[in-house]
Asks: 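Sharing a structure here in structure tokens format.
Counting convention: from 1, in listed order, for ligands and their atoms alike. If you're wondering where the values come from, they're calculated on a predicted model, not measured in any experiment.
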Amino acid sequence: MWKTSACGKVILLGEHAVVYGVPALCGALQGGVEIEAISGEGRLLVPEWDVATPPLRDLLLPSHADISSSLAIAMKAIVESLSVAIGRPLVPQDLPYDFVARFAIPTGAGLGSSAALSVALVRAIDRAAELGLSESDVDGAAFAAEKVFHGSPSGLDHTVAQRGGFGLFRRGHGLSPLPDTPTLRLCIGHTGKARDTKGRVARVAELCQEKPDLTAACFARIGVLVGEAVDALRRRDFVALGQAMNENQALLKLLEVSCPEIEQVCKLALDAGALGAKLTGGGGGGCVVALAPGREQTVLAVWQAAGYSSFLVEVGGDTRTPSTAATADRTRTVMHAVASANTNIALCKYWGKCDPALNLPAVPSLSLTLAGLTTHTEVRLDPSLQMDSLHLNDREVSGEPLRKVSRHLDRLVRQLGLSGRPFAEVRSHNNFPTAAGLASSASAFAALTVAGYGALVGERALEQPLDRSLLSSWARQGSGSAARSLFGGLAVLGVGTPGQVDSAQATQLLAPEEWSDLRLVIGVVSDEAKETSSTDGMTLTANTSPYFAPFVAAAPRDLLEATAAVRGKDLALLGRIAERSALRMHASAMAADPGVVYLRGSTIEGYHAIVRSRREGIEAYFTCDAGPHPKALTTAAHAERVAAALSSVPGVKRTIIAHPGEGARLISVGVPR
Ligand code: DP6
């Protein structure tokens with residue numbers, strides 16, 4: 001007929017210390033309990049436990065023999081509390097329904113299932129009897145039920161169940177909501193051992209007597225960590241949040257509330273890439289909570305393989321505000337986005353990294369984005385998928401290329417401050433040879449960045465697109481040259497500052513139409529994939545070539561002069577710089593140990609053909625990337641003759657004439673039908 005629901009809860013930081021006045025950071029577990037109303041006589045049914053309370057008319061009898069189960073006593077406590085709140089007794093005619101409760105979270109695991117049940121039941125009774133309860137009426141009735149289940153509970157659970165979102169709970173002060181916090185996806189792993197809240201609380205009390213200095217220091221530090229975690233949560237800084245969780249876990253261990261099973265479940269999560277992992281709630285057993293943005297499925301798989309039951313939850317958000325609910329839905333609905341990006345050819349070469357982990361270039365570079373050499377990429381984020389998949393030119397690809405794509409999408413999730421993502425199906429098409437030195441990684445990662453961003457953010461990506469330079473920095477982390485493909489025409493990618501992830505971004509120097517007369521002629525030598533990737537080639541060069549340092553030293557001046565040449569549309573100057581930058585890059589690569597030699601006979605012959613053409617008055621300048629294809633920078637007027645000269649080079653199979661193209665483009669975003 002109709003349904004009500006309420007949230008479970010998870011304590012993210014601060015359990016046990018909360019007993020001693022430190023605030024605890026807790027969040028609502030979305031989808032805790034759902035209650036369905038069906039026609040009936042005021043009973044509460046819990047099919048999972050195979051129990052039902054007596055009909056309301058029996059429950060209301062002054063002495064009924066069957067009111068021994070805590071469920072029936074809780075139901076009665078709710079009815080009595082509501083009768084006081086509405087100023088008249090609730091009667092059986094008020095509730096011509098039975099209420100069927102279903103749990104989406106494990107019960108008895110410290111995740112607030114009883115509080116969620118109490119709140120959802122009060123809401124169901126409110127709706128069934130059209131009582132028009134206030135929030136404080138709901139609060140009072142749910143707390144009455146919680147007292148039946150737990151004796152003297154703190155009130156944290158049912159308050160979180162009712163309010164949703166994140167909050168700071170302080171003993172004696174209740175829950176202060178934390179607005180402006182994101183929805184987090186968290187992994188919950190069950191140790192398989194019953195939690196021992198009572199016993200552990202008692203042990204901490206003993207410790208306070210035995211080692212007062214130690215416990216006081218622990219509580220003080222946990223208080224600081226809770227504050228840091230709140231800040232990190234607000235900033236969507238999941239690394240910092242994970243660190244706070246880990247340190248809190250270490251302190252909980254000192255307070256003797258952990259156990260070997262909890263330690264093992266935490267270790268498995270951290271080894272599988274979680275940023276933070278700790279016990280949640282009473283400890284001594286029970287559940288572990290792990291923060292592993294983008295790696296949730298790996299953590300769950302590792303736990304399951306080790307025999308620990310586990311599941312994924314969404315924590316926080318606000319169940320009552322549609323905007324955050326929509327964000328939460330993003331991880332539940334299928335999202336699809338399509339983007340395209342043109343490749344680019346560097347005229348001042350990027351070769352070598354100053355921070356390989358962040359993929360920051362050691363030198364600045366300048367490039368021309370080429371129309372017609374395009375990657376189209378579709379990203380479909382689908383909660384029903386079991387793993388990421390990649391199709392490249394209609395062929396399924398696994399191994400390292402798939403891992404790179406997964407890692408890139410995970411990075412986007414982090415950059416966007418999202419709590420996670422569903423698995424993705426990525427389909428990418430290149431209309432030119434892949435990995436043969438036509439810089440396919442540039443268009444590939446530019447298109448993946450834009451499509452991934454679209455799928456993760458939804459329509460907002462079209463309505464309020466992000467700054468392209470920022471997107472270029474994200475693309476750069478997939479592949480340096482990809483940053484420049486965010487822009488059309490002539491673009492510059494700056495040199496990086498080690499340790500600063502967004503320190504190298506691309507910018508546009510000239511739009512394609514501002515120098516539309518430029519042409520790049522490519523002599524295609526081979527459609528085969530190259531033997532050494534650019535990444536490997538530049539790493540070997542940086543590590544072993546005595547010519548790498550001079551290459552890096554010369555690069556800034558090349559860029560300065562090339563920038564001036566572009567602004568002045570001085571092809572002769574730009575061409576001369578492009579030629580020397582390419583030759584120096586290859587010279588430094590060839591001087592590596594072992595040598596990195598991309599040039600073939602046809603490449604060298606192509607170079608001579610271009611230089612010869614120049615002597616004959618044709619404006620053309622050589623360049624070449626990490627592959628064998630000779631390329632010439634020229635003008636529309638000379639392009640055909642340059643193409644003819646390159647075609648006559650033995651080994652050149654065909655030529656491509658490309659003109660300045662557009663930057664990466666988000667083509668569509670939406671929920672597929
Ligand atoms: C020779 O961008 O492919 O094409 O950042 O390691 O992915 P990674 O390298 P990549 O290197 C391109 C090298 C180049 C020169 C250039 O495009 O600037």
Asks: How does N344 reach ligand 1, by side chain, by backbone, by both or by neither, if only non-hydrogen atoms under 4.0 Å count?
Replies: neither
Asks: Just let me know how W351 lines up against ligand 1, side chain, backbone, both or neither, with a heavy-atom cut-off below 4.0 Å.
Replies: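 Near ligand 1, W351 shows its side chain, while the N, CA, C and O stay back.
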Asks: So if I count the atoms of ligand 1 from 1 in the order they appear, which ones are less than 4.0 Å from some heavy atom of A626?
Replies: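 This gives 1 (C) as the contact atoms.
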Asks: If you measure from each heavy atom of R476 to ligand 1, is any distance below 4.0 Å?
Replies: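 The answer is no, since R476 has no heavy atom less than 4.0 Å from ligand 1.
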Asks: Working note: K631 + I345, criterion side-chain contact (heavy atoms from CB on, under 4.5 Å); need CA distance, chi angles, decisive distance, verdict.
Replies: CA-CA 9 Å; K631 294 161 191 163; I345 295 297; 3.6 Å; yes
Asks: Sub-3.5 Å donor-acceptor pair from the side chain of H629 to the main-chain atoms of I522, do we have one?
Replies: no
Asks: Begin from the C-alpha positions of V492 and R484 and carry the test side-chain contact (heavy atoms from CB on, under 4.5 Å) through to its verdict.
Replies: CA-CA 7 Å; V492 165; R484 301 179 310 232; over 6 Å; no
Asks: With heavy atoms under 4.0 Å as the rule, classify the contact between S534 and ligand 1 as side chain, backbone, both or neither.
Replies: side chain
Asks: Does a sphere of radius 6.0 Å around CZ in F423 hold more than 12 heavy atoms from other residues, nucleotides or ligands, not counting ones at 6.0 Å or beyond?
Replies: yes
Asks: Is it true that the side chains of H408 and T449 contain a donor and an acceptor less than 3.5 Å apart?
Replies: yes
Asks: Apply side-chain hydrogen bond (donor to acceptor under 3.5 Å, both in side chains) to residues Q477 and Q415 and explain how you reach the verdict.
Replies: CA-CA 11 Å; Q477 292 166 56; Q415 310 273 18; 3.0 Å; yes
Asks: Between T544 (side chain only) and L540 (backbone N and O only), is there a donor and an acceptor less than 3.5 Å apart?
Replies: yes
Asks: Judging by distance only, is a nitrogen or oxygen of S479 under 3.5 angstrom from one on ligand 1?
Replies: yes
Asks: With a 3.5 Å cut-off and sequence neighbours excluded, list the donor-acceptor pairs that the side chains of residues 639-648 form with protein atoms.
Replies:
from	atom 1	to	atom 2	distance (Å)
S647	OG	A643	O	2.8
S648	OG	A645	O	2.7

Asks: Distance under 4.0 Å to a non-hydrogen atom of A346: what atoms of ligand 1 satisfy this?
Replies: 16 (C), 17 (O), 18 (O)
Asks: Would you mind telling me if ligand 1 is within reach of the side chain of S441, the backbone, both or neither, using heavy atoms under 4.0 Å?
Replies: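 Just the side chain.
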Asks: What atoms of ligand 1 come closer than 4.0 angstrom to any heavy atom of K353?
Replies: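 With K353 as reference, the close atoms of ligand 1 come out as 5 (O), 6 (O), 8 (P).
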Asks: Do other residues, nucleotides or ligands put more than 12 heavy atoms under 6.0 Å from R600 CZ?
Replies: no
Asks: Need the ligand 1 atom indices (1-based, order shown) with element for anything under 4.0 Å from a heavy-atom of M585.
Replies: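 Near M585, the atoms of ligand 1 are 1 (C).
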Asks: Can you name the atoms of ligand 1, numbered from 1 with element, that are less than 4.0 Å from a heavy atom of N359?
Replies: 5 (O)
Asks: Could you list the atoms of ligand 1 found under 4.0 angstrom from a heavy atom of D625?
Replies: 1 (C), 4 (O), 14 (C), 15 (C)
Asks: Does any N or O of ligand 1 fall below 3.5 Å from an N or O anywhere on G480, backbone included?
Replies: yes
Asks: Taking distance alone, with no angle check, do Y350 and ligand 1 share an N/O pair under 3.5 Å?
Replies: yes
